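All remarks here apply to the structure that follows.
No experiment lies behind these values; they were computed from the predicted model shown. Heads up: numbering here begins at 1 and tracks the sequence.
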Amino acid sequence: MNLKRTFKPLILVLIAIIGLQSCKEKKEDKPQQEMAAATTEQDGFVQIFDGKTLDNWEGDPNYWRVENGNLVGEVTPTTLLKNNTFIIWKGGQPADFELKLEFRIAEAGNSGINYRSEKIDTIPFALRGYQADIDGKIRYTGQNYEEKKRATLAYRGEKARITSQENPDTPGSLRANVAKNAWQSREVLESLGDSDELKTKIKSEDWNEAHLIIKGNKLQHYINGILMSEVIDDDTVNRASKGHLGVQVHVGPPMKVEYRNIKLKNL
């Protein structure tokens with residue numbers, strides 16, 4: 001028997017089978033890749049930070065830069081702040097939306113995500129409005145704090161209803177209705193959990209995911225998939241229905257905060 005003649009057809013058959021299997025795997029991979037890309041587009045979220053540049057953002061370059069794909073805000077001993085400063089998205093003034101991003105903050109850091117906010121003409125790169133609070137010691141992370149306006153609206157672990165102050169037409173009535181850094185016309189409707197227990201769900205000096213769901217007068221702040229605070233804003237005098245979006249570095253000691261994967265979906 002001629003072994004060469006016997007094995008040659010077998011080898012050709014094996015090569016053909018391997019080739020067909022390889023083609024099949026490539027065909028199967030392609031739809032999966034296309035499906036993944038389609039899911040990214042169909043979920044409605046759009047990346048608003050490209051990880052490379054500060055295009056479509058405005059802020060003081062002494063405090064904001066891009067590093068290793070992250071949006072970095074840093075205060076150094078030689079750049080200490082007199083006023084909180086923001087980097088502000090220039091792509092519009094969202095009304096109803098969802099925002100997802102990841103953040104990492106140094107223990108000494110103080111920051112936040114502002115939304116439905118207005119620019120302050122007298123202070124460069126400053127915002128006034130709702131803020132999803134973030135701090136390195138995790139005392140306030142997750143709460144709803146209204147920057148330069150009504151102060152704390154809901155502490156971490158609270159679902160709170162906000163109403164207008166008495167005599168809102170009286171000059172100075174807004175500031176007069178803030179005591180101990182909190183709005184006084186507020187009612188806690190429900191507990192979302194113990195603040196210290198919720199704190200354990202937030203990672204110190206590591207990456208956390210923030211998810212804001214802002215629709216109508218309901219403002220929800222999630223950290224790592226857990227609802228940390230909810231505001232029902234029935235204050236028809238002071239509430240805002242749309243506004244600027246930005247992130248903050250705060251007055252205080254040197255600090256560093258990083259943001260990445262910043263995605264927005266209009267509702």
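Under the 4.5 Å side-chain heavy-atom criterion for ILVMFWY residues, a single connected hydrophobic cluster contains both M228 and Y130. Y222 and I138 end up in different hydrophobic clusters when Ile, Leu, Val, Met, Phe, Trp and Tyr side chains are linked at under 4.5 Å. I88 and L71 are members of different hydrophobic clusters when ILVMFWY side chains are connected at heavy-atom separations under 4.5 Å. When the side chains of ILVMFWY residues are joined at heavy-atom separations under 4.5 Å, either directly or via intervening members, Y145 and I162 end up in two distinct hydrophobic clusters. Hydrophobic clustering (ILVMFWY, side-chain heavy atoms < 4.5 Å, transitive): I262 and V257 are in one cluster.
Judged by distance alone, the side chains of R156 and S195 do bring a donor and an acceptor atom under 3.5 Å apart. If you check the side chains of N62 and D60, you find a donor sitting under 3.5 Å from an acceptor. With no hydrogens or angles considered, no side-chain donor-acceptor pair links T170 and N167 at under 3.5 Å. For N110 and Y140, the side-chain atoms include no donor-acceptor pair closer than 3.5 Å. When only modelled atom types and interatomic distance are considered, D235 and S164 share a side-chain donor-acceptor pair under 3.5 Å. In summary, the side chains of T141 and D135 do present a donor paired with an acceptor at a separation below 3.5 Å, with no hydrogens or angles considered.
The pair D234-R161 meets the salt-bridge criterion, with a side-chain N (NZ, NE, NH1 or NH2) lying under 4.0 Å from an Asp/Glu carboxylate O. Ion pair E147/R128 not flagged as a salt bridge, since none of the NZ, NE, NH1 or NH2 atoms sits closer than 4.0 Å to an Asp/Glu carboxylate oxygen.
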Between Y63 and T79, does a side-chain contact (heavy atoms from CB on, under 4.5 Å) hold up when you go through it step by step? CA-CA 8 Å; Y63 300 97; T79 61; 3.7 Å; yes
Run Q220 and K218 through side-chain contact (heavy atoms from CB on, under 4.5 Å) and show every step you take. CA-CA 7 Å; Q220 295 177 309; K218 184 164 76 171; 4.1 Å; yes
Take I87 and L54, measure what side-chain contact (heavy atoms from CB on, under 4.5 Å) needs, and give me the verdict at the end. CA-CA 9 Å; I87 189 164; L54 296 180; 3.9 Å; yes
The test is side-chain contact (heavy atoms from CB on, under 4.5 Å); show your working for I48 and L245 and say whether it passes. CA-CA 11 Å; I48 60 173; L245 177 70; 3.8 Å; yes
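In this structure, K149 contributes its side chain and N238 its backbone to a donor-acceptor pair below 3.5 Å. Side-chain atoms of T53 come within 3.5 Å of backbone N or O of D55 as a donor-acceptor pair. A donor-acceptor contact shorter than 3.5 Å links the side chain of R116 to the backbone of A240. No donor-acceptor pair closer than 3.5 Å links the side chain of N68 to the backbone N or O of N70. With hydrogens and angles ignored, the 3.5 Å screen pairs no side-chain donor or acceptor of E197 with any backbone N or O of D194. The backbone N or O of A182 sits less than 3.5 Å from a side-chain atom of Q184, completing a donor-acceptor pair.
Side-chain contact check for E58 versus K119: some heavy-atom pair is nearer than 4.5 Å. Taking the side chain as every heavy atom from C-beta outward, E187 and L189 approach each other to under 4.5 Å. W89 places none of its side-chain heavy atoms less than 4.5 Å from the side chain of V247. At a threshold of 4.5 Å between non-hydrogen side-chain atoms, the residues L264 and F45 do not count as touching.
The 12-atom threshold is exceeded at CG of N181, counting heavy atoms of other residues, nucleotides or ligands nearer than 6.0 Å. Other residues, nucleotides and ligands contribute more than 12 heavy atoms inside 6.0 Å of the CD atom of Q47. Dense packing is recorded around NZ of K90, with more than 12 heavy atoms of other residues, nucleotides or ligands lying under 6.0 Å away. Counting heavy atoms of neighbouring residues, nucleotides and ligands inside a 6.0 Å radius, atom NZ of K242 does not exceed 12 of them.
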Exercise answer: donor-acceptor pairs, residues 202-212 side-chain atoms, under 3.5 Å, sequence neighbours excluded:
from, atom 1, to, atom 2, distance (Å)
K203, NZ, W207, O, 3.1
E205, OE2, E107, N, 3.4
N208, OD1, K203, N, 2.8
N208, OD1, N224, ND2, 2.8
N208, ND2, K203, O, 2.9
N208, ND2, D206, O, 3.1
H211, NE2, E98, OE1, 2.6

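Applying the side-chain hydrogen bond (donor to acceptor under 3.5 Å, both in side chains) rule to Y259 yields the partners S111; only residues at least two apart in sequence or on another chain are considered.
In this structure, Q165 and P168 approach most closely via the heavy-atom pair O-CD, 3.5 Å.
Between H250 and F86, the distance separating the two ring centers is not shorter than 6.0 angstrom.
To the nearest 0.5 Å, atom CD1 of residue I214 and atom CG of residue L219 are 5.0 Å apart. In this structure, T152 OG1 and K180 NZ are separated by 12.5 Å, a value rounded to the nearest 0.5 Å. Rounded to the nearest 0.5 angstrom, N144 CG and R186 CZ are separated by 10.0 Å.
Using the six-membered ring where Trp is involved, Y115 and F97 have ring planes that are perpendicular, over 60° apart on the 30 and 60° scheme.
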